[in-house]
Amino acid sequence: MNRNLAGEDAKASTGETAPSHFIRNIVAEDLSQGKNEGRVHTRFPPEPNGYLHIGHAKSICLNFGLAAEFGGVCNLRFDDTNPSKEDVEYVESIREDVRWLGFDWGSREYYASDYFEQLYEFALQLIKIGKAYVCDLNADEIREYRGTLTEPGRNSPFRDRSTVENLDLFQRMRAGEFADGARTLRAKIDMASPNINMRDPVMYRVLHAVHHRTGDRWCIYPTYDFAHGQSDSIESITHSICTLEFEDHRPLYDWFLDQLGIHHPQQVEFARLNLTYTVLSKRKLLQLVQQSYVTGWDDPRMPTIAGIRRRGYTPEAIRNFCDRIGVAKRNSTVDIAMLEHSLREDLNKRAPRVMAVLRPVKVVIDNYPEQQVEELEAVNNPEDASMGRRRVPFSRVLYIEQDDFREEPPKGFFRLSPGREVRLRYAYIIKCVGVVKDPQNGEITELRCTYDPETKSGSSQSNRKVKATIHWVSAAHALPAEVRLYDHLFTKEDPEEVPHDTDWLANINPKSLERLTACRVEPLLANAKPGERYQFERLGYFCVDSEDSSPNALVFNRAVTLRDTWAKVEKERRG
Ligand code: ATP
Ligand code: MG
């Protein structure tokens with residue numbers, strides 16, 4: 001696998017200006033030459049047979065981005081030519097996702113199915129000029145006649161039907177006289193062409209299926225290859241941007257447009273996005289959903305737009321990521337750490353900080369008055385003073401993270417341990433004076449501490465130094481919450497890399513989800529709305545789950561971690 005971190009051809013991106021790339025250069029050059037009467041008109045053409053994923057985001061940013069940059073427009077076109085796999089649920093999710101990413105197609109929402117009548121007319125036109133014929137070979141026979149990369153194909157025995165007979169049969173195909181797969185309409189090009197796509201490709205097939213838009217009006221459907229280029233032409237697209245696997249189809253699309261004598265968009269191919277630890281194929285993502293490896297298309301572990309939105313990603317982070325990876329002509333794989341970095345960078349600027357304890361251990365401050373509650377002042381975002389301050393209740397009984405205490409601290413561990421001091425964020429310095437354990441199982445149930453009243457944060461004597469500051473919540477005031485921690489969905493950088501007798505599903509990470517149900521969060525989060533994002537201090541960025549969270553039962557997804565220097569030290573030490 002050809003892997004590169006920065007994204008091939010990507011200029012070092014500051015996130016401020018989009019880097020230049022070869023497609024932008026082509027569009028700029030065409031404009032300077034006065035091509036297309038100075039128009040730039042692109043489209044994003046998804047097939048509504050699944051949810052959009054981060055790879056589609058690259059294509060969306062590219063198509064809508066170029067149109068915006070050059071004063072053009074971009075269509076949203078549903079390439080809905082295959083009724084057996086398509087569904088309105090997908091249409092709706094695609095609309096929502098493109099809009100959420102921040103792009104507007106205005107009134108330019110189109111469907112290939114709206115062109116079925118026009119495409120049928122185009123097919124009749126090709127039959128009339130002797131460039132298309134009805135073929136009675138079945139799918140297996142067509143494949144057999146097609147030949148291979150090294151062997152030319154053979155002409156179909158039906159290739160030389162008369163125009164009159166072809167017109168009659170094609171009209172009867174449409175009228176529903178034939179069974180599924182019984183006949184096809186094929187382009188008459190060249191069975192010996194070195195490009196297999198040119199060996200009399202199928203243009204229409206018989207399929208008695210109900211379409212999500214045209215119902216049962218049609219029982220013949222155009223193939224993607226016959227519909228795609230003509231749809232672009234009908235919409236007066238200037239630049240048909242698509243992924244590299246369509247490079248070999250370009251001569252076919254050109255052939256159709258030339259034979260029909262209609263507007264000729266320029267097709268430009270670019271490398272699709274691949275990400276480490278991720279599959280980006282709708283077929284595979286559908287399999288993950290159908291076989292319940294995930295909870296749905298919007299499972300926060302999925303690379304779908306719906307999944308990463310629920311996870312806590314922002315449109316800004318995704319758009320910056322797409323700028324950063326650039327646009328290249330050669331396939332490569334981007335490190336998923338780059339996507340995570342884009343989110344961290346965005347949320348660092350915007351997410352309010354709060355305190356939350358994921359794996360709580362109780363702390364009792366022996367010398368703090370029983371009934372006393374102090375409202376301590378905390379900073380909402382050290383990166384942005386305009387986000388202001390808030391008050392956090394402090395009292396005698398607190399929770400801290402189990403991880404922040406060690407009964408026998410290893411070398412280099414500077415947080416709480418017996419006899420040691422730490423600072424509680426925004427509060428006081430405390431010292432551990434005792435450890436209470438469950439007599440049954442020996443587990444720590446409580447830490448007894450004392451606090452130094454002279455060390456309140458912000459007070460004149462607060463500058464006494466201790467080696468670590470940890471977060472906490474007040475036991476009486478904190479809210480219970482569930483927190484879901486996510487890891488990569490696959491254990492291998494390349495999920496396709498598997499031993500002989502298994503497939504990619506063998507690389508699914510059994511530990512991709514960890515649910516912590518005894519967490520405690522700052523009381524302020526009582527008002528947290530679904531989809532809101534926070535930094536839990538020292539732990540990462542978290543998002544209120546849009547499906548499962550409610551005011552009485554808060555659920556947070558960890559969108560991305562902060563860099564954890566301690567974990568790194570420990571890892572290096574383990575070797
Ligand atoms: P998949 O391979 O995931 O099933 P697809 O290409 O069949 O995807 P379409 O709905 O046809 O899905 O895709 C719509 C547009 O998005 C196409 O122009 C396609 O080239 C582009 N696209 C799809 N996957 C990627 C990707 N990984 N990177 C960049 N663009 C992509
Ligand atoms: Mg496709």
Side-chain angles (χ1 to χ4, degrees), residues 1 7-10 21 23 42-67 74-82 85-87 89-91 93-95 97-98 101 103 105 110-113 223-225 227-229 231-232 235 237 239-250 253 265-290 297 302-308 318-319 321-334 336 338-339 494-496 504:
M1 183 167 49
E8 190 185 347
D9 292 359
H21 53 72
I23 301 185
T42 55
R43 83 289 178 262
F44 172 64
E47 183 181 351
N49 62 350
Y51 280 59
L52 298 182
H53 54 61
I54 182 77
H56 292 114
K58 176 177 178 179
S59 175
I60 292 166
C61 291
L62 182 58
N63 280 294
F64 280 93
L66 284 173
C74 180
N75 297 353
L76 175 61
R77 183 177 69 242
F78 293 96
D79 255 331
D80 54 349
T81 54
N82 185 1
K85 292 195 174 153
E86 295 159 3
D87 199 279
E89 177 195 348
Y90 299 135
V91 171
S93 75
I94 290 168
R95 273 201 211 111
D97 291 350
V98 176
L101 280 171
F103 298 105
W105 58 96
Y110 301 118
Y111 294 80
S113 56
T223 56
Y224 182 84
D225 276 348
H228 190 73
S231 300
D232 281 351
E235 292 176 16
I237 299 302
H239 298 84
S240 298
I241 300 168
C242 62
T243 41
L244 280 180
E245 65 273 25
F246 292 104
E247 198 165 13
D248 291 346
H249 297 238
R250 176 154 33 96
Y253 299 166
Q266 181 185 349
Q267 176 169 312
V268 190
E269 305 88 12
F270 71 101
R272 62 196 293 122
L273 171 68
N274 299 302
L275 266 187
T276 56
Y277 300 103
T278 308
V279 298
L280 290 181
S281 134
K282 278 189 280 188
R283 188 178 55 78
K284 288 184 177 148
L285 297 176
L286 178 65
Q287 204 176 334
L288 292 173
V289 172
Q290 285 179 337
W297 286 98
M302 289 281 272
T304 50
I305 304 299
I308 60 184
I318 297 171
R319 293 200 304 260
F321 170 74
C322 289
D323 273 352
R324 209 171 247 148
I325 56 177
V327 179
K329 194 84 193 169
R330 189 156 57 87
N331 277 314
S332 65
T333 299
V334 174
I336 196 167
M338 224 168 122
L339 179 63
D494 177 5
E496 307 288 346
W504 58 283

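Both ligands and their constituent atoms are indexed starting at 1 by order of listing.
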So for ligand 1, is Lys282 a polar contact partner (N or O within less than 3.5 Å, distance only)?
yes
Within the structure provided, determine whether Leu285 and Trp297 are in side-chain contact (heavy-atom separation under 4.5 Å).
yes
If you count the atoms of ligand 1 from 1 in the order shown, which ones are under 4.0 Å from a heavy atom of Pro46?
10 (O), 14 (C)
From atom 16 (O) of ligand 1, work out which of His56, Glu269, Lys284 has a heavy atom at the shortest distance.
His56
Examine ligand 1 and decide if any of its atoms is less than 4.0 Å from a heavy atom belonging to Phe246.
no
By number and element, which atoms of ligand 1 are closer than 4.0 Å to a non-hydrogen atom of Glu47?
9 (P), 10 (O)
Compute the shortest N/O to N/O distance between Arg272 and ligand 1 and return yes if it is under 3.5 Å, no if not.
yes
How far does CD of Gln267 sit from OH of Tyr253, to the nearest 0.5 angstrom?
6.5 Å
Hey, are Glu235 and Arg43 close enough for a salt bridge, meaning a charged N less than 4.0 Å from a carboxylate O?
no
Suppose I only count heavy atoms of Ser281 and a 4.0 Å limit; which atoms of ligand 1 are within that range?
3 (O)
Measuring from the heavy atoms of Glu245, does anything fall under 4.0 Å of ligand 1?
no
Can you check whether Gly55 has an N/O within less than 3.5 Å of an N/O in ligand 1?
yes
Based purely on interatomic distance, does Leu273 place a nitrogen or oxygen under 3.5 Å from a nitrogen or oxygen of ligand 1?
yes
Which atoms of ligand 1 have any heavy atom of Pro45 under 4.0 Å away?
14 (C), 18 (O)
At their closest point, which heavy atom of Pro48 faces which heavy atom of Ile94, and how far apart are they?
CA-CD1, 3.9 Å
Restricting to non-hydrogen atoms, name the atom on Leu273 and the atom on Ile54 that form the minimum distance, rounded to 0.1 Å.
CD2-O, 3.7 Å
Going by atom types alone, do Tyr90 and Glu47 pair a side-chain donor with an acceptor below 3.5 Å?
no
I need the Tyr111 OH to Glu86 CD distance, nearest 0.5 Å.
11.5 Å
Closer than 4.0 Å to some heavy atom of Leu280 - which atoms of ligand 1 meet that?
3 (O)
In short, Leu280 meets Asn274 closest at the heavy-atom pair CD1-CA, 4.3 Å
Please confirm whether Lys58 comes within less than 3.5 Å of ligand 1 when only nitrogen or oxygen atoms on both sides are compared.
no
Pick out which of Val327, Ile23, Thr42 makes a side-chain contact (heavy atoms from CB on, under 4.5 Å) with Val268.
Ile23
Phe44 neighbourhood, listing ligand 1 atoms whose heavy-atom distance to it stays under 4.0 Å
14 (C), 15 (C), 16 (O)
